Amino acid sequence: MTEKEIRLRFAPSPTGYLHIGSARTAFFNWLYAKKVGGKFILRIEDTDVERHREDTISIILDSMKWLGMDWDEGPDTGGNYGPYRQSERLDLYKKYAQKLLDEGKAYRCFCSQEQLKKNREEALKVNEFYKYDRKCLSLTQEEISRKIKSGEKFSIRLLVPREKILSFSDNVYGNFEVNSSNIEDYIILRSNGMPTYNFSVAIDDCLMKITHVIRGEDHLSNTPKQLLIYDALNFGHPDFTHLPMILASDGHKLSKRHGSISIESYREEGFLPEAVLNYIALLGWSYDEKTTIFSVKEMVEKFDLKSINKKASKFDYEKLLYLNGHYIRELKEDSLEEILINKLIKKNDNLKDKVNFLKEKLAKIIPITRERVKTISGYEKILVPFFNEINYSDDAKNYFTKKEINIKEILKSSVKSLENIDNNSFNTENIEKELRGIAAKLQLNLKIIAEVLRIAIWGEPVSPPLFETIEIIGKKATLYRLKNYLKSIA
RNA sequence: GGCGCAUUCGUCUAGUGGUCUAGGACGUAGCCCUCUCAAGGCUAAAACAGGGGUUCGAGUCCCCUAUGUGCUACCA
């Protein structure tokens, strides 16, 4: 092994579902790992006992799998650098915190949370810059021993050097520099023994030999704090890439009140993983000035850290819809068939035994419907009148009342004419021929005939192509619907 | 309040000092196709946040302002 192995990670905290922003972060890590032939690692950052929700772990994992992101190491797959859950690595954090303590690079803090909160609020009230006052730094060894012995709780704070320029180079934001004097002696180990974020990420990224960190821009300001840890422990630091934020369409931070933002909900709404990934990739990344459609394979080839932009982007549902429509049209016919059949069976268990019948039908339905639909759930709706009897809404019943059309004559002629077609030749071609014949006979535009039949056959003024639809529905059902509509308007 | 980051059509973006009368995509509008709706094709409207510099020349470099946003927690 001459080249150092490239290792990336996605490190969600299990406090909710996988949302658009984290999915993109995961995806960019995954893409880059695939592109350079590196490893992609999944790590669960569950150090917040309060907000932790165990059930969200499987939701996050399922969403990732659904999107097609696989990982080489993780809590479920294992690996050489485990455990992959921070809650199972507590002894490691303790060990390194102790090391810093021993080296005088960290110190114990016995201040109560209430006191600290009060101090901060007071400083803020008079618009003052607040930083921990290092009260506990001046504690003598005896005082510390006595407090520990009497059972006083303490946290461990990093002793942040003053007037030190902390800098690193970010692949997106360029050179980033900050003076350490602006950073307080932040807590690395809580009094309950849990590490805080800035400490545990740094430790884990080192221990897990992560070479490239790709994460949200909200961590840009945190990076110097982590740099402090790398320095104090004499670890080298990874290569950083911070991704611009994804905001809701109103320009504010994406949150639950903005509706469906979880990958889970897009899946339920009938989005395809290809579409979601393509859309997500375009938020902050572009390949050239023209291309918008990318297969996963192409993205792996073309993805590049250097062509990520800095500007936060707003989420645009319309464009996602467009892409989804595109991918529904691109889908192989049997894949689409399979997806649709599964959906239909899920809704109606009786259909389980009729898979072949469904397949046969769908083979005819798909070519005339797929380009009219933008989501799979939209697709399910358009399927209904092909398989079920239709009920006429009031709108459908009254559709022609104000129009000067002899609708009954049209319907009756149609019935007569369609009845004449032989059962075996009840196909699009003959249906069209008959209906055009009626139009000629009644001296009406085909449009009028089609409009009437459409309402009768489909119940709505918009449907898939009429002649094909009539063929698929079949002679019997078509005649039934025509007569039924005739009755309903009588 | 302190410390950062950002700002090109409504939205996602191309753009790295002259090739920009600023390109593409979604959306919008119109036309074509057409049995409706889509899809597809064609066309159109639509942007360099504002102000100062630097330069022969600025969307591109610098400064200020405005706006947005992040961190400033014993959240991540």
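Naming convention: chains lettered A, B, ... in sequence-line order (proteins, then strands); numbering from 1 in each chain. A quick note: this is a predicted structure, and the numbers were derived from the prediction, not measured.
- Pairing for rG1(B) is with rU72(B), a Watson-Crick or G-U wobble pair whose two hydrogen-bonding atom distances lie under 3.5 Å.
- Side-chain contact check for Tyr130(A) versus Asn119(A): some heavy-atom pair is nearer than 4.5 Å.
- Between Tyr266(A) and Tyr279(A), the distance separating the two ring centers is not shorter than 6.0 angstrom.
- Counting atom types as modelled, Ser463(A) pairs no side-chain N or O with a base atom of rC37(B) as donor and acceptor under 3.5 Å.
- As the counterpart of rG27(B), no nucleotide is assigned, since no Watson-Crick or G-U wobble pattern has both distances under 3.5 Å.
- Residue Lys311(A) has a polar side-chain atom (N or O) positioned under 4.0 Å from OP1 or OP2 of rC12(B).
- Across the interface with RNA chain B, nearest-nucleotide mapping of Asn127(A) and Phe154(A) shows Asn127(A) to be the residue nearer the 5′ end.
- Below the 3.5 angstrom threshold, one finds no donor paired with an acceptor across the side chain of Lys290(A) and the base of rA25(B).
- Within 4.0 Å of Pro224(A), counting heavy atoms only, lies no atom of the nucleic acid at all.
- When rounded to the nearest whole Å, the span between NZ of Lys314(A) and C1' of rG10(B) equals 9 Å.
- Between Gln86(A) and Thr291(A), it is Thr291(A) whose nearest contact on RNA chain B lies nearer the 5' terminus.
- Side chain Asn222(A) to base rA76(B): a donor-acceptor pair is found below 3.5 Å.
- Heavy atoms of Thr47(A) sit under 4.0 angstrom from primed sugar atoms or phosphate atoms, though from no base atom.
- One finds a salt bridge joining Asp48(A) and Arg51(A) here, because a Lys/Arg side-chain nitrogen approaches an Asp/Glu carboxylate oxygen to under 4.0 Å.
- Residue-level contact check: Leu282(A) touches the backbone only, with heavy atoms under 4.0 Å from sugar-phosphate atoms and none from bases.
- For the pair Arg454(A) and rC37(B), the criterion of a side-chain N or O lying under 4.0 Å from OP1 or OP2 is not met.
- Within 4.0 Å of Arg436(A), counting heavy atoms only, lie sugar-phosphate atoms of the nucleic acid but no base atom.
- Across all strands shown, Arg370(A) has no heavy atoms under 4.0 Å from either base or sugar-phosphate atoms.
- Distance Phe176(A) CZ to rG4(B) P: 8 Å, rounded to the nearest Å.
- Here the P atom of nucleotide rC12(B) and the CD1 atom of Ile280(A) are 16 Å apart, to the nearest Å.
- Counting any heavy atom pair closer than 4.0 Å across all strands shown, Glu45(A) reaches sugar-phosphate atoms only and no base atom.
- At least one cation-pi condition fails for Arg157(A) and Tyr107(A): the charged atom is not both under 6.0 angstrom from the six-membered ring centre and inside a 45 degree cone around its axis.
- Residue His242(A) is classed as having no contact, given no heavy-atom separation below 4.0 Å to the nucleic acid.
- Between rU7(B) and rC64(B), the two C1' atoms lie 15 Å apart (nearest whole Å).
- Taking only side-chain nitrogens and oxygens, Arg120(A) comes nearer than 4.0 Å to OP1 or OP2 of rA73(B).
- Residue Asn309(A) is in sugar-phosphate contact alone, with no base atom involved, counting any heavy-atom pair closer than 4.0 Å across all strands shown.
- For the pair Lys397(A) and Tyr392(A), the NZ or CZ position fails the cation-pi test of under 6.0 Å to the six-membered ring centre and within 45 degrees of the ring normal.
- Using a 4.0 Å heavy-atom criterion, one finds that Pro465(A) contacts the bases of the nucleic acid, with or without backbone contacts as well.
- Contact between the side-chain N/O atoms of Ser221(A) and the OP1/OP2 oxygens of rU72(B) is not found at any separation under 4.0 Å.
- In this structure, Glu460(A) reaches neither bases nor backbone, as no heavy-atom distance under 4.0 Å exists between it and the strands shown.
- Across every strand in view, rU34(B) sits unpaired, with no contact that passes the Watson-Crick or G-U test at under 3.5 angstrom.
- Look at rC9(B): it lacks any Watson-Crick or wobble partner with both distances under 3.5 angstrom.
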